[in-house]
Protein chains: 2
Amino acid sequence: MALLGEITRPAVTLEKGAILARQGAALCSLFAVHTGSLKQVNVTDNGETLVTALCLPGDMVGLDAIDKGVFPGSLIALETSGVCEIPYEKLDALCDRSREARWLIQRCQSHDIHDERLKLHLLLHRTAEARLACFFLAISERFRLRGYSSHHFRLAMTRSDIASYLGLTPETVGRTLVNYQRQNVMLARGREFRILDLEQLKRLAEANGRRHRQRVSQ
Amino acid sequence: MALLGEITRPAVTLEKGAILARQGAALCSLFAVHTGSLKQVNVTDNGETLVTALCLPGDMVGLDAIDKGVFPGSLIALETSGVCEIPYEKLDALCDRSREARWLIQRCQSHDIHDERLKLHLLLHRTAEARLACFFLAISERFRLRGYSSHHFRLAMTRSDIASYLGLTPETVGRTLVNYQRQNVMLARGREFRILDLEQLKRLAEANGRRHRQRVSQ
DNA sequence: CGTTACCTTGATATATCTCAACTCAAGTGG
DNA sequence: CCACTTGAGTTGAGATATATCAAGGTAACG
């Protein structure tokens with residue numbers, strides 16, 4: 001960890017909307033988000049634009065670029081953000097010398113694989129109400145782990161970004177949020193969010209409103 | 001690669017339904033699928049059962065277990081299958097000695113992160129018809145890369161497994177398949193599948209029937 | 001030959017997408 | 001300082017994909 005600090009360059013500041021890496025650009029460095037937030041945007045072959053990741057402080061960015069040596073999506077700052085650059089060459093050399101560094105990277109990657117898999121498969125089976133609940137619970141937990149408030153936070157994403165990330169439309173996201181407000185579960189004004197009833201939010205996230213039969217063998 | 005062969009144990013045969021690793025079991029070995037196929041099944045905290053991965057010949061299995069040192073889902077043979085065991089300790093030691101081995105593992109992991117992310121986010125936005133088309137295209141491509149027929153194959157999964165994997169119901173999977181048949185795109189009898197019109201299948205996979213507005217900023 | 005698991009088909013209900021109009025806030029330039 | 005523009009968010013009404021429930025069919029298997 002200390003070694004990692006040695007090869008990390010001082011934090012860079014990105015203005016809102018700045019592009020940290022363009023889709024298809026060669027991987028030169030990984031990044032660690034220090035402050036602010038980024039989104040990863042993928043443009044598919046047939047021209048769709050998808051938000052595939054949200055990067056918050058503490059996150060390691062670019063692990064998905066190692067395979068092909070090329071960033072699979074564009075990284076765009078959602079607000080003024082600070083990121084640390086970790087030159088990939090140096091990181092690789094470090095992994096040569098230190099098995100701890102290697103383990104750290106491997107575990108980060110392994111974590112991401114599992115996390116994406118489970119979360120997204122869960123979302124596939126969920127209603128809009130439950131998807132959003134899952135989303136905010138995950139965000140809340142990430143903020144908590146980083147020492148920020150877990151029940152009151154600002155998300156720089158637009159409703160459209162959230163919708164794209166969750167596979168919904170902006171309208172549905174909006175409507176679901178006002179439902180939460182009516183039920184006194186969450187407060188959403190603009191991009192400020194406040195969780196009022198965490199337990200109820202958890203219940204909503206797990207309630208697979210429809211889709212509740214257990215048909216999978218074994 | 002040759003070194004990897006040295007530490008790999010001879011292939012083991014699994015009977016249909018056999019459990020290669022149980023969810024929560026400690027990670028001792030990774031596996032490489034040689035013949036047959038496995039599914040990964042996750043039981044969530046609230047008792048849902050999800051099929052989160054399909055493992056075909058050539059796939060590396062267990063990369064998602066490295067993080068916590070524990071398998072995040074059960075690995076179940078869908079048919080009589082042959083797998084090679086790769087003791088994790090030895091693999092780790094090998095990574096110490098050979099940067100090529102380390103790169104191989106890192107690239108496998110990186111590939112999985114990106115693949116899951118993109119494919120699942122795509123699915124989130126797709127109708128049942130397109131989800132199944134994506135699914136079969138991906139399978140077909142995987143078989144092709146391994147030297148099997150890309151337009152005619154057997155999938156040992158049940159409709160329920162497929163449904164769970166794609167976030168649909170078995171009924172919808174079935175109905176969609178008969179639609180494909182009516183359109184002469186695919187033939188599905190039992191677990192034998194034949195792709196009749198690859199181009200049309202690609203078109204179906206990309207056609208996001210609904211959900212076709214571009215609302216994401218940037 | 002009966003049992004079991006899987007698959008199919010049909011009718012109905014509902015979640016959510018789609019389209020369109022409107023509000024609101026922020027920023028711009030005259 | 002005020003009209004104008006622009007992008008985001010909201011709300012409503014209607015269309016539709018797909019879940020749900022239920023019943024019948026098929027195929028493997030002991």
Side-chain angles (χ1 to χ4, degrees), chain A residues 15-17 39 48-49 51 76 78-79 123-133 154-164 166-182 186-193 204 207-218, chain B residues 15-17 39 48-49 51 76 78-80 123-133 154-164 166-182 187-193 204 207-218:
Chain A
E15 290 308 312
K16 176 177 175 175
K39 64 177 171 182
E48 281 168 285
T49 307
V51 176
I76 301 172
L78 287 166
E79 58 197 308
L123 287 186
L124 274 177
H125 290 264
R126 291 267 186 284
T127 62
E129 182 162 85
R131 283 186 197 184
L132 267 165
R154 216 188 93 85
L155 270 194
M157 311 170 85
T158 66
R159 302 286 134 111
S160 294
D161 286 333
I162 299 174
S164 171
L166 295 174
L168 301 168
T169 56
E171 294 95 326
T172 303
V173 170
R175 282 190 252 260
T176 306
L177 284 173
V178 321
N179 277 343
Y180 285 169
Q181 244 141 290
R182 290 211 188 97
M186 283 192 56
L187 242 147
R189 264 208 302 295
R191 298 179 187 179
E192 296 271 337
F193 298 90
L204 289 173
N208 33 356
R210 1 153 99 210
R211 295 157 230 227
H212 49 91
R213 278 177 308 170
Q214 298 297 329
R215 294 274 208 120
V216 174
S217 55
Q218 243 295 328
Chain B
E15 291 306 313
K16 174 177 174 176
K39 64 178 172 182
E48 279 168 286
T49 306
V51 176
I76 300 172
L78 287 165
E79 59 196 308
T80 306
L123 287 186
L124 275 176
H125 290 264
R126 290 268 185 282
T127 64
E129 181 160 87
R131 284 186 198 184
L132 266 166
R154 214 187 94 84
L155 267 195
M157 311 171 82
T158 66
R159 304 284 133 110
S160 293
D161 287 333
I162 299 175
S164 171
L166 296 174
L168 302 168
T169 57
E171 294 96 326
T172 302
V173 170
R175 283 190 251 261
T176 306
L177 284 174
V178 321
N179 276 344
Y180 285 167
Q181 245 140 289
R182 291 212 187 94
L187 243 146
R189 263 209 303 297
R191 295 176 191 182
E192 295 273 336
F193 298 89
L204 288 174
N208 32 358
R210 4 152 95 211
R211 295 158 230 228
H212 49 93
R213 279 177 307 172
Q214 298 298 331
R215 294 273 207 121
V216 173
S217 54
Q218 241 297 323

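By convention in this document, chain letters (A, B, ...) are assigned in the order of the sequence lines, proteins followed by strands, and residues within each chain are numbered from 1.
Both B:Leu168 and B:Lys16 lie close to DNA chain D; mapped to their nearest nucleotides by heavy-atom distance, the more 5′-ward contact belongs to B:Leu168. Both A:Arg191 and B:Thr176 sit near DNA chain D, but only A:Arg191 has its closest nucleotide nearer the 5' end. Both A:Thr172 and B:Arg159 lie close to DNA chain C; mapped to their nearest nucleotides by heavy-atom distance, the more 5′-ward contact belongs to B:Arg159.
Every residue meeting the side-chain contact (heavy atoms from CB on, under 4.5 Å) condition with A:Arg182, not counting sequence neighbours, appears here in chain and number order: A:Val178, A:Asn179. Every side-chain contact (heavy atoms from CB on, under 4.5 Å) that B:Ala128 has, sequence neighbours left out, goes to B:Leu168, B:Thr172, B:Thr176.
Here the C1' atom of nucleotide C:dC6 and the CG atom of B:Leu155 are 16 Å apart, to the nearest Å. To the nearest angstrom, C1' of D:dG9 lies 16 Å from CE of A:Met157. The NE2 atom of B:His125 sits 14 Å away from the C1' atom of C:dT16 (whole-angstrom rounding). Rounded to whole angstrom, the span from the CG atom of B:Leu177 across to the P atom of C:dC6 amounts to 17 Å. A:Glu192 has its CD atom 18 Å from the P atom of D:dA8, to the nearest Å. Rounded to whole angstrom, the span from the CG atom of B:Leu124 across to the P atom of C:dT16 amounts to 13 Å. Remark: C1' of D:dT18 and CZ of A:Arg126 are 17 Å apart, rounded to the nearest angstrom. Between the C1' atom of D:dA8 and the CG atom of A:Leu78 lies a distance of 15 Å, rounded to the nearest Å.
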Restricting to nitrogen or oxygen on both sides, can you table the protein-nucleotides 11-13 of chain D pairs closer than 3.5 Å?
| from | atom 1 | to | atom 2 | distance (Å) |
| --- | --- | --- | --- | --- |
| D:dG12 | N7 | A:Arg175 | NH1 | 2.8 |
| D:dG12 | O6 | A:Arg175 | NH2 | 3.3 |

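Minimum heavy-atom separation, A:Lys16 to A:Leu78: CG-O, 3.7 Å. Contact record, B:Arg131 with B:Leu124: NH2-O, 4.1 Å, taken as the closest heavy-atom pair.
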Would A:Ile162 and A:Leu132 count as a side chain to side chain contact (heavy atoms under 4.5 Å, CB included) here? Give the steps.
CA-CA 9 Å; A:Ile162 299 174; A:Leu132 267 165; 4.0 Å; yes
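Atom CZ of A:Arg159 and atom CZ of A:Arg175 lie 13.5 Å apart (nearest 0.5 Å).
Contact check, A:Thr158 against D:dA8: no side-chain N or O comes under 4.0 Å of OP1 or OP2.
Across all strands, A:Arg189 comes closer than 4.0 Å to no nucleic acid atom at all (heavy-atom distances).
Note on A:Arg126 versus B:Glu48: salt bridge recorded, some NZ/NE/NH1/NH2 to OD/OE distance being below 4.0 Å.
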